[in-house]
Amino acid sequence: MKLYNTLTKRKEEFVPLHPGEVRMYSCGPTVYNYFHIGNARPFIVFDVFRRYMEYKGYKVTFVQNFTDIDDKMIQRANEEGITVKELGERFIAEYFIDADKLGIKRADVHPKATDHIDDIIEFIKKLMDKGLAYQAGNDVYYNTMAFEGYGKLSGQNLEDLELGARIDINESKKNPMDFALWKGQKPGEPAWDSPWGKGRPGWHIECSVMATKYLGETIDVHSGGQDLIFPHHENEIAQSEGASGKPFARYWLHNGYINVDNQKMSKSLGNFFTVRDISREFDLEAVRLFMLSSHYRNPINFSRELLEQAQSALERLYNARNNLEHLLKDAPERPSTDEEKQFLDKLPGYTDSFEKAMEDDINTADALGVIFELVREINSNIKPGQSAEVIRAALDTLKKLTGILGLLNKQMGSLDDEIEALIEKRQQARKEKNWALADKIRDDLKEMGIILEDTPQGVRWKRL
RNA sequence: GGCGGCAUAGCCAAGUGGUAAGGCAGAGGACUGCAAAUCCUUUAUCCCCAGUUCAAAUCUGGGUGCCGCCUCCA
């Protein structure tokens, strides 16, 4: 499998550090609000990466943190009149509600910064011992000048960075590019005891600490949005490699932004949509399909129209699956005919093409194209009366591939007797050409959320 | 100023040397009591110019336009 590695600026063959295992860390949300769809992109695309690696048989250990202490957390908690801890707990719960609807699997570990204060302190001590950090007042800073590789991820050197940097008013730093590992307590802020006085961790340190704790000093994959390349991930490298003397992450994966009107969507610009807001109008699975319909490193524009397109595309997928499930119920268990076997022989080709797309730096857009080609193949070939073997094989392939992308999560389910009876009654009416009654029943069922379709192969239903 | 990305049909989007996947929307047709679903047909000189090559959307050079990072941010 090839992955574009931000560190080397090339596609590289993925070779895990430990054969058969993948250890990956992805930067999670700061839990001071509902997350927006810009945040959702990395959650979704790296969830797909994880699912694909699991599908390929790797033992994947996936860690995604919650940042539950920082300036924004403190500010928001004050506005709400609650503690930072309460705020964090609330929005962690909200995160899972939205993430579940987006089809994002739980990470193996979802560590919180505030649960790792002791580990963070130990880590900072280690950096100080190595001369990579210094205390200034009640703060502790990372000494960027002392770390040789600083800038290697973002492709910049310290001098260029400083030229572009705003004048830093914090005169206690030795160098403007130095960043806080530990921030001394200010009035009204939550704080923990430390060798440098009461305070709280800086933002970057938590990821180095938790990634190391749960995955080891060298991990396989570290991922996040492109805007984290600098300074966040650059700083993580400085911290982690400074402390361990070993490479931190072997592959750095970064997704592109979501734009609105061709402008970056971000919290600071205020032009963002939360996933929660979107969920009131759209099926979040359509949002997922939308995210996967272009390559993860390309920027994508967000709009209602595009979401509607994705919704329609999703329905095409569901129709294909549901039709197969309907057919399977009555499919005869018998040996497949030669013609049916010809169809069966075509199925593995779609899996191959799908994998080929995924192996090329997680090309979900291409992979999705393969799924739609499979859908057409299925729709053109599958008819009532075909062997259960054929229908089952088609269904299995479709479910397998959509499952890797985390799509088609809603089960078709079954109908209760009352509705079955209504459908039967309508069939009788149709037989008698009582169209008025038949249409009335169909309308009534629609009110109840059941849509009927009279196909040449008989009546079918699906949920609204 | 330093670093980086993008430009393919009405919309979205793959494709990185051999005359353009797929989805959405539209048009025509088949099927159908109607509707829906489904199938078939149909819609692109790949931003511009020059070059390399038997052959370029794909490589090289130049240009134009748009965007991002260098500051909290996915």
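Naming convention: chains lettered A, B, ... in sequence-line order (proteins, then strands); numbering from 1 in each chain.
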G15(B) phosphate, OP1 or OP2, under 4.0 Å from Asn363(A) side-chain N/O
yes
In whole Å, measure the gap between the P atoms of C48(B) and U53(B) for me.
22 Å
A74(B), G15(B), A14(B): which one has an atom nearest the side-chain heavy atoms of His36(A)?
A74(B)
Determine the Euclidean distance between corresponding P atoms of C24(B) and A37(B); express it in Å to zero decimal places.
10 Å
Say we look at C3(B) and A13(B): how far apart would their C1' atoms be, to the nearest angstrom?
28 Å
With both distances under 3.5 angstrom, what nucleotide forms a Watson-Crick or G-U wobble pair with C47(B)?
G63(B)
Nearest listed nucleotide, side chain of Tyr257(A), among G23(B), G68(B), C12(B)
G68(B)
Nearest of A13(B), G23(B), A21(B) to any side-chain atom of Phe372(A)?
G23(B)
Using a heavy-atom cut-off of 4.0 Å across all strands, would you classify Ser303(A) as base, sugar-phosphate, or nothing?
nothing
Specify the residue among Asn379(A) and Tyr296(A) whose closest nucleotide of RNA chain B lies further upstream toward the 5′ end.
Tyr296(A)
Side chains of Ser208(A) and Glu236(A): donor-acceptor distance under 3.5 Å anywhere?
no
Taking pairing as Watson-Crick or G-U wobble with both contacts under 3.5 Å, can you name the mate of A57(B), or confirm there isn't one?
none
Taking the minimum atom-to-atom distance to the side chain of Arg430(A), which one of C12(B), A37(B), G33(B) wins?
G33(B)
Using only side-chain N and O atoms of Asn298(A), determine if any of them is under 4.0 Å from OP1 or OP2 of C6(B).
no
Suppose you measure atom C1' in U16(B) against the same atom in U60(B); what distance do you get, rounded to whole Å?
14 Å
Is any side-chain nitrogen or oxygen of Arg442(A) closer than 4.0 Å to OP1 or OP2 of A35(B)?
no
Phosphate OP1/OP2 of C69(B) contacted by Lys264(A) side-chain N/O (<4.0 Å):
yes
With sugar-phosphate meaning primed atoms plus P, OP1 and OP2, does Ile371(A) contact a base, only sugar-phosphate, or nothing at under 4.0 Å between heavy atoms?
nothing
Students often get this wrong, so: under 4.0 angstrom with heavy atoms, is Ile229(A) touching a base, only sugar-phosphate, or nothing?
nothing
Salt bridge or not between Asp98(A) and Arg276(A)? Use side-chain N to carboxylate O under 4.0 Å.
yes
Ser312(A), nearest nucleotide to its side chain (from A25(B), G22(B), U38(B))
A25(B)
What is the separation between atom CG on Asn235(A) and atom P on C70(B), rounded to the nearest whole Å?
12 Å
Go through the side-chain N and O atoms of Asp361(A) and Tyr296(A) and say whether any donor and acceptor fall under 3.5 Å apart.
yes
In Watson-Crick or G-U wobble terms, with both distances under 3.5 Å, the base opposite U52(B) is none
If you look at every strand shown and take non-hydrogen atoms under 4.0 Å, does Asn255(A) touch a base, only sugar-phosphate, or nothing?
base
Note: Asp70(A)-Arg76(A) ion pair, threshold 4.0 Å (strictly below)
no
Which value, in whole Å, describes the distance between the P atoms of nucleotides C47(B) and A9(B)?
8 Å
If we take the P atom in both A36(B) and A30(B), what is their distance in whole Å?
16 Å
Output for pair (Met412(A) CE, His326(A) NE2), nearest 0.5 Å, gives 4.5 Å
Please state whether the base of C34(B) and the side chain of Asp454(A) form at least one donor-acceptor pair under 3.5 Å?
yes
For the residue pair Tyr142(A) and Phe147(A), categorise the inter-ring angle as parallel (less than 30°), tilted (30 to 60°) or perpendicular (more than 60°).
perpendicular
Would you mind classifying the nucleic acid contact of Leu452(A) as base, sugar-phosphate or nothing, using non-hydrogen atoms under 4.0 angstrom?
base
Counting distance alone, no hydrogens or angles: does the base of G2(B) have a donor or acceptor under 3.5 Å from a partner atom on the side chain of Gln156(A)?
yes
Closest to the 5' end of RNA chain B, once Ala438(A) and Asn323(A) are matched to their nearest nucleotides, is Ala438(A)
With the side chain defined as heavy atoms from C-beta on, Trp435(A) is closest, among G33(B), G22(B), G23(B), to G33(B)
For a quick test of reading the model: is some side-chain N or O of Arg376(A) closer than 4.0 Å to OP1 or OP2 of C40(B)?
yes
For U32(B), the Watson-Crick or wobble counterpart (both distances under 3.5 Å)
none
Separation of the C1' atoms in A25(B) and C11(B), to the nearest angstrom:
7 Å
Taking OP1 and OP2 of G33(B), is either one under 4.0 Å from a side-chain nitrogen or oxygen of Asn434(A)?
no
Within the structure shown, what part of the strands sits under 4.0 Å from Gly224(A) by heavy-atom distance: base, sugar-phosphate, or nothing?
sugar-phosphate
When you measure only distances, ignoring hydrogens and angles, does the side chain of Asp439(A) come within 3.5 Å of the base of G33(B) through a donor and an acceptor?
yes
Between G26(B) and G63(B), how far apart are the two C1' atoms, rounded to whole Å?
36 Å
For a quick check of understanding: with a heavy-atom distance under 4.0 Å over all strands, which category does Arg426(A) fall into, base, sugar-phosphate or nothing?
base
Nucleotide paired to G1(B) in any strand shown, Watson-Crick or G-U, under 3.5 Å
C70(B)
Parallel, tilted or perpendicular: ring planes of His204(A) versus Phe179(A), cut at 30 and 60 degrees:
perpendicular
G-U wobble or Watson-Crick pairing nucleotide for A27(B) (cut-off 3.5 Å, both distances):
U41(B)
For His254(A) and His233(A), take the angle between the two ring planes, folded into 0 to 90°, and tell me which bin it lands in: parallel under 30, tilted 30 to 60, perpendicular over 60.
tilted
Out of A37(B), G23(B), A13(B), which has the shortest distance to the side chain of Ala365(A)?
A13(B)
Ranking A14(B), C72(B), C11(B) by distance to the side chain of Gln309(A), first place goes to C11(B)
Would you call the rings of Phe14(A) and Phe49(A) parallel, tilted or perpendicular, where under 30° means parallel and over 60° means perpendicular?
perpendicular
C67(B) phosphate, OP1 or OP2, under 4.0 Å from Arg297(A) side-chain N/O:
no
